[in-house]
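Reminder, nothing fancy here: chain letters follow the sequence lines and each chain counts from 1.
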Amino acid sequence: MIESTLPIGVPLLLLGGAIVTVGAGLVRRSAAWPITLVVLVLSALVSVRQLLVVLAEGPLTHRLGGWPPPIGIEFAVDGLSAFVTSVVVVIALLVLLYARDAVRRETPEEEVPFFALLQVLLLGLTGMVLTGDLFNLYVFFEISSLAGYALVGLGSREAPVSAFRYLLLGSLGASFYLMGVGYLYVLTGSLNMADVASILPGLIGNPTLTIAMTMMVAGLSLKMALFPLHGWLPDAYTYASSTATAVIAPIMTKVSAYVLIRVLFFVCDPALRATIPVGSTVAWLAATGIVVGSVMAIAQSDVKRMLAYSSVAQVAYIGVGIGLGTPFALIGATLHILSHATMKSCLFLVTGSVQLQTGRRSLHSYEGLGRVMPWTFAGFTLAALAMIGIPPTAGFFSKWYLVLGGINAGEWPIVLIVVASSLLTAGYFFRLMEKIYANPSPSLKANDPGMLARISIMALGAGVLVLGVANFWFVGEVLQPALPATLRLTGM
Amino acid sequence: MEAATESIRPFLAIIVSMLAIPLIVASGEKRPNLREAWTLIAATIKAGLVFSMLPAVLAGETFTCRLLEISPGVALELEADPLGMIFAIVASTLWLLTSFYSIGYVRGAGEHKQTRYFASFALCLSATIGISFAANLLTFFVFFETLTLATYPLVLHKETEEAKAGARKYLCYTLPAGLALLTAIAITWGLAGTMDFRAGGILNGSMATTGQLRILFVLFILGVGVKAGLMPIHSWLPAAMVAPTPVSALLHAVAVVKAGVFGVLRVTGFVFGPELLGDLGTGTALAWIAGITLTMASLLAMKQDNLKRRLAYSTVGHLSYIVLGAALINAWSWTGATLHLMFHATMKITLFFCAGAIYVRTHKVNISDMVGIGRQMPFTMTAFAIGSLGLAGIPGINGFVSKWGLASGAVAAEQPIFLGLLVLSGILNAAYFFPIVHQAFFKQNDAFPRLGEASPLMVAPLCVTAALSLLLGVAPNIGIHAWELANLTARAVTGGAI
Amino acid sequence: MIDLFIGRWPYVLTVVLMLIGLYGMLVKENFLKKLIGMNIFQSAIILFFIVHAFKWGATVPVYDHHLGDAVEAYINPIPHGLMLTAIVVSVATTGVGLALLVRIYRAFGTLEEPQVLERMQSRNRS
Amino acid sequence: MKQVSIFVLILLGAVLLAAGNGLPLFGDPHAPAAKHVSDHYIEHAYHDAHTPNFVTVMIADYRSFDTLGETMVVFAAGMACLLLLRGHVRRRGGVVLPPIVHRDDSIITDLVTRAMVPVIQIFALYVVFHGHYSPGGGFQGGALLAGSVLLVRVVLGQDRSNPIFPVSWGTPFGVAGLAIFLGVGLVALAFGGSGLQYDHLPLGLEPDMLRNWGILIAEIGVAFAVMGTLVSIFDDLSGESGEVA
């Protein structure tokens, strides 16, 4: 019975956690953080346990209301969804450690709704990952989006404007997705992913199907900030409060990427995919996005905005992997979900700490910080090296698999872009690094943030390295079994 | 003869200096003696580990160590083969000497941020040993890039505008090179289905068209050639001379640049192999690039007045000797190349040590200011003379032995033009080194400050390296059996014997 | 094509409504109007679903003892249920959008996009 | 920019119209959407849950997790408004606006409101409880209840509406409603069923009647949550809650 409730364990914990947080917050405001911490620790335990069980025993399902699919809603967990859930929850937990002091200083009066919405956000994201129902996914999509808009809107004076734009575009994306689901429903009469997947092959050749898939991909790409639909992201990340950015930036776009994988590779079967030119379009747009995002990042003078544009580029790597769709490319994409989540959260936590300590955010003002905040910037350096793709960090290996995937697919220009983009990334990170370490700034008064924040930054920094070295354990044990058999490497 | 033993020793040799890093950092600026003790202990253990594998390697055994898998079918795998041993011995021995020298230097010159300096240094050495023991291309690449990065803070060390420019230039050359190498590795894996180094090569002509293989070769040479200082992609090396002298000595005379030429050796001998290189014609092309580089570099070296820059150009030239040997790829040239990898290191590090000793004592960097210095620093300048004579190829010093091998290789390859270039370059070497020695000893300069020698911590290592150069010149097979090791790898790669 | 307008005319109408909504979102410069455009767009999608619930000759999906379990007798209940949820989502999104607009208005004193952007920039400069 | 937008719109319109060609005809009783799952709902809903309204059975039982999510969306919106607006004026001291709600003390609106509010509220309760038999349910009923409160807020003002439904009640109502809904699901889970599997509720009834009751409890929870949250969103938006923490 415990096993069968695992798939809904994390969402229910977070749902209950949000309710309890608000309820307790009515009585005592400072209870919000500890409750959230407990909920997230439990969620992390459940998600990791779920991952282990899934790896050992195969997919788990939970039929809500006891109704078999396609009558009711089914939560179906396979390796991939268990993996992404764990990534989401664990990264969020680490950011939460940082969040206690940051939220108290940045938004002292909104502690309760902030932490409640944080859990709502995670509820939405984990729900999206775990559900096996296309429409249920839309509901969770919107739950996470609403929480996201609010968290983004709570920042500097400009934040509401960027949040409002995000809201318009996000709703547009969700609506496109819903429209796609609508077409699929009209064509198949079902909303359950597995059921739809079994009906779709009979519909090959129907022009509406192509457009339905295009709508879904477009909607998800918007949410994922895949070029050219990335317009909302830089402002949103730049103006949001540091904790909000550190939660949203690493995981929100990744979950959309996960859904894209789910739709393209689990709902569509290979024969169907062959008739729809979505894959190569996504790959090429994403490759363009890598270049555009990196070049824009170089042009920025605000560190947070630079990281935001770098997110556009990094998400595009995942897009390239999804678009290429070869076994190696998919490994690259899924591994990059994890590695980018780790390194980007680390980077944003550092910029947040710097902003809290010194109020600085421009590239120029980072001079000499390496000396006064040694631990923080040790983590930053590791994460930055991973972003560039220096071995043996995690960032290197995800790009490595993408390169192998590109070579397998024979897409040489994309291989070239993936490889050469590392140089652009190196361009903006080494410029910053030089300022951080080589320019002494004697008047600087700052030091490493408190113990909790330091732990989370260091853990993420170390994680980047450990993930890189142990990447193959991950690929072999987690990512490979999680993909459909036709998309696995041969001989594994 | 190809007996492979599972052993953790190659791994330990790499990890020992990495383990020293946290200890170095923890000791910090407050306890410099403890910090330096860690460096020395790590260096001693590392050298001990490397040497402990030597007898078995000489007997034809190799030590392999398969760590965890890092990509499907590709593990982080180490193998101590003769070629790897040559490089590892050079790096670990000279690290030990450089550690003593560094202590004298950074304290004498009053350098800042010494902790960062020693920590980066230890990381560099880990990477270097990793490069030498790497058993496949991906492992090689991992350590190759680590070395690139670990060197960056050392070049940047002084944090002046010049140092920043030099460091930037360094990255601008090495990072794209790394990417070219990465692409080449990925393609190789696609073609050959393996990344393991195998003496005689893993690629063959049936795997792809000639044109494709040529492009692949160019990518590889771009990847490793930057560090090997091949023209026209060498200019980071003189710029990187802004680093403290021990860094120049060890990294830009031994570790980094030798990693580059070591990469060339691995690519020509262990990825492409003699036959394929001959079929593609790329071996000859590379030989020409090397030939041009070694001549041009010698000419450029003459123009430099800054001693370290002159040594840098000399390094560029001598690296190309090795590349030439690797490109001609016959038993003689390979022996000469691997020997030169080792012997050039002892000679060049002597010269850099001398330059550093002079700087710390007199704060002079330009050759024109060093008139009459031999009277003040007799040991230093004698060592300098030995080193420069060796580089010019005077018999009795080890440089002669390796050049002999290379020259015989040019003859064996029936390419006498390269023999001519080697002779010419030897004359040019003499032309740019002898004036320094001459003005140091035989010109009167009463104005020269009477300061005497630098600290023993600095003078002793440079005497040791000079003595080593002499010793190896007389008896190249003594001690580490350099000649034998070089022969072993030459036999394995080319199939021929001397 | 004829088939589209004769046999599927309600669908064509939802497309038109959708385009009207999108027009508002893309072209109008007032944030509130953009939000209204978004609402129209979402309504269009809701109608798109509802259109496909319809069956000729069927009645509301409430059990009637005279009709029993006859499938043809009731229209499809699923789109109605789904859209109930979608409506709520739309309402909630509008609510959050309005909350953001209140904050924008408080910070910048206007809801016209060009003016807001101008004021954002002039404040950044000063 | 405008031209580009219109071009994009025309393009999208053309694509969407083209997509229409693959869709089933309007009102086709044999379209895929009308078969498959839909059939099952029509044939079984009444017998499964003893509830004639198929839509109610569907949203509150077959696909009740959607509805729990939907309630969560409303709750999230409430939290979002609270996060964005409450306390904002006080702390940042931005442009203080005149109250959004303008009141003129007209006797007609006053009286009509007083007359209408009880009717609306009774109708709202009817909608909640009669959702099993006719269109209606928790969300609609909750919205009506919220509407009645808002009518009082708008017409009679904060002072006189506070005794009916204080500003500070919005969030607790939302929390309570969600807790009721989630509670039903968890109780079912605890008694050996799946989440939200009402036939495992420990009430000692036949499965179909249990589902009937389960649906009702869920609807009541939704009504609470929606009412509380909508009122609190209004309060946040109108700035009335600014002084209350």
Side-chain angles (χ1 to χ4, degrees), chain A residues 1 4-5 8 12 15-16 18-19 22-23 26 62-67 70-73 75 107 109-110 112-114 116-117 120 123-124 127 131 133 135-136 139-140 142-143 146-147 149-151 153-154 160 183 185-192 195 199 206-212 214, chain D residues 15-16 18-24 31-41 44 61-66 68-70 72-73 75-77 79-84 86-87 90-92 94 168 171-172 174-176 178-179 182 185-186 188-189 192-200 245:
Chain A
M1 181 199 144
S4 72
T5 54
I8 53 165
L12 283 188
L15 184 59
I19 298 172
V22 178
L26 292 169
H62 184 96
R63 295 167 173 178
L64 282 149
W67 301 107
I71 307 300
I73 292 170
F75 264 45
T107 49
E109 313 220 347
E110 283 97 348
V112 175
F114 186 95
L117 277 173
V120 174
L123 160 71
T131 187
D133 189 281
F135 186 81
N136 195 233
V139 174
F140 283 111
E142 286 289 12
I143 291 179
L146 274 181
Y149 308 144
L151 291 175
L154 185 81
Y183 281 121
Y185 172 67
V186 170
L187 292 176
T188 63
S190 177
L191 290 163
N192 183 276
D195 196 38
I199 298 173
N206 189 331
T208 309
L209 194 54
T210 312
I211 290 167
T214 312
Chain D
V15 168
L16 289 176
N21 283 316
L23 292 174
K35 295 278 149 195
H36 203 47
V37 183
S38 169
D39 281 0
H40 184 278
Y41 285 177
H44 295 89
D61 192 355
Y62 290 127
R63 298 185 63 89
S64 50
F65 205 59
D66 273 351
L68 184 57
E70 158 201 322
M72 201 64 207
V73 169
F75 182 71
M79 282 298 110
C81 293
L82 204 141
L83 179 70
L84 290 170
R86 199 166 287 186
R90 182 165 32 137
R91 198 173 69 251
R92 318 246 159 149
S168 58
T171 310
V175 171
L178 259 176
L182 183 65
L186 289 180
L189 192 66
S194 294
L196 298 164
Q197 191 171 359
Y198 304 135
D199 57 2
H200 279 71

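Looking at D:A31, neither its backbone nor its side chain comes within 4.5 Å of chain A, counting heavy atoms on both sides. Neither the backbone nor the side chain of A:N192 has a heavy atom closer than 4.5 Å to any heavy atom of chain D. With a threshold of 4.5 angstrom between heavy atoms, A:I143 approaches chain D through its backbone and through its side chain. Of the atoms belonging to D:L16, heavy atoms from both backbone and side chain fall under 4.5 Å from chain A. Proximity to chain A involves both the backbone and the side chain of D:A76, based on heavy atoms less than 4.5 angstrom apart.
D:H44 has its side chain out of reach of A:I71: every pair of non-hydrogen atoms, C-beta onward, lies at least 4.5 Å apart. Taking 4.5 Å as the limit, every side-chain heavy atom of D:L68 sits out of range of all side-chain heavy atoms of A:V139. Between D:V37 and A:L191, every side-chain heavy-atom pair lies at or beyond the 4.5 Å cut-off.
Although no hydrogens or angles enter the test, the distance criterion places a donor-acceptor pair under 3.5 Å between the side chain of A:H62 and the main chain of D:G195. Not a single donor-acceptor pair under 3.5 Å links the side chain of A:Y183 to the backbone N or O of D:G20. Side-chain atoms of D:S194 do not come within 3.5 Å of backbone N or O of A:L64 as any donor-acceptor pair.
Classified by interplanar angle (parallel below 30°, tilted 30° to 60°, perpendicular above 60°), the ring pair A:F75/D:F65 is perpendicular.
The choice from A:V186, A:L151, A:T214, A:T188 that makes the most heavy-atom pairs within less than 4.5 Å of chain D is A:V186.
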